[in-house]
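This one's a predicted model, so the numbers in the text were calculated from it and none came from an experiment.
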Amino acid sequence: EPIVFISAFASGEKAGIHAFRFDADKGKLKPLNRTVGVSSPFFIVLSPDRRFLYSIDEFGGKDNFVAAFRIKGRDGHLQPINRQNTGGKASCYIDVDPTGQSVLVANYSSGNVASLPVTNEGSLGEAASFFQHSGSSIDPQRQTGPNAHCFVVSPNGKHALAADLGIDKIMIYTLDSAQAKVAPNVAQPFVKFTPGSGPRHLTFHPNGKLVYVINELANTITVFDWNPTDGTLKEKQTIATLPKDFTGKSYTADLKITPDGKHLYGTNRGHDSLASFRISDDGTLSLLTIQP
């Protein structure tokens, strides 16, 4: 029975990271533990070996941090290790590379990304690299400047992709895990979206050859062929997440792919629904249902 960690996005006494035991047969969660001492955790991620948990700390504060915790035993207890400044504002996403040596952070309001080294015992070092995005796009409220919304490591750990909602781009970086350093990808430093798309989150297909990006402002998902060798993207499809007859305001948020690579799900906020898609052999999507 696995443990599930859930962040309580709040400040003060209401903040924390909750641990639950998950009964997959019954679909039930049983409360185990609550870790305090972290403010507005927002986004959390586990290390590949499941020994450590990393959380955004003080999202929206004067300074934003990543906090490192050691997972103790099987009761969901988290032991604080240390924390490091992200160098940006509204730190909203973190990821860990497959070796567990690098933690990557996207900073939304300041529109930049950073990478931090990890020791063998899970502690975080100061940022080893930092890149500021620039530009804007057509939405007068949401796209007046860069807004890095996620920073995702490729399955082979050689690259990292940052979706920037404010400039309608996926920024492509190379990753040196041993040094915890990222650098702009020479073969293709970025891919640009249709103006007003607002790319928010992305995920890799389990086969390591496809990338799916959910676009918050356009309420669409874009499919790319991914070359894991040189780190290049080639667009092949864009599909809507909303019903054709919907006329209200809605914005997408996250997307998840099943471990077998056969289905993908995207969330709609406003329409308040979950769009589910079948993934064909070539990676393209076909809509199955939009569930309230």
Considering only heavy atoms from C-beta outward, does the side chain of H133 approach that of N112 to under 4.5 Å?
no
Quick check: are there more than 12 heavy atoms from other residues, nucleotides or ligands sitting under 6.0 Å from NZ of K262?
no
Just wondering, are more than 12 heavy atoms of other shown residues or ligands nearer than 6.0 Å to NZ in K236?
yes
Over 12 foreign heavy atoms within 6.0 Å of CG, D282:
yes
Got more than 12 heavy atoms from elsewhere within 6.0 Å of CZ, R278?
no
Could you go step by step and tell me if Q101 and T99 meet the side chain to side chain donor-acceptor pair (under 3.5 Å) rule?
CA-CA 5 Å; Q101 298 178 94; T99 70; 3.0 Å; yes
Under the 6.0 Å and 45° cation-pi test, does K256 pair with Y265?
no
Regarding R83 and the six-membered ring of F65, is the cationic atom NZ or CZ under 6.0 Å from the ring centre and inside 45° of its axis?
yes
Report yes or no: does D272 contribute a side-chain atom to a donor-acceptor pair with the main-chain N or O of G270 at less than 3.5 Å?
yes
Counting N and O atoms only, with roles assigned by atom type, does the side chain of S137 sit under 3.5 Å from a partner on the main chain of G166, one being a donor and the other an acceptor?
no
Starting at CD1 of I81, measure out to CD of E121 and round the result to the nearest 0.5 Å.
8.0 Å
Angle between ring planes, F59 versus F42, binned at 30° and 60°: parallel, tilted or perpendicular?
parallel
Testing the 3.5 Å rule here: is there a donor-acceptor pair between the side chains of N215 and T220?
yes
Nearest 0.5 Å, what's the CD1-CG distance between I6 and L29?
5.5 Å
Check whether the ring centres of H159 and W226 lie less than 6.0 Å apart, and answer yes or no.
yes
Residues forming a ring-ring contact (aromatic ring centres under 6.0 Å, His included) with F151, sequence neighbours excluded:
Y173
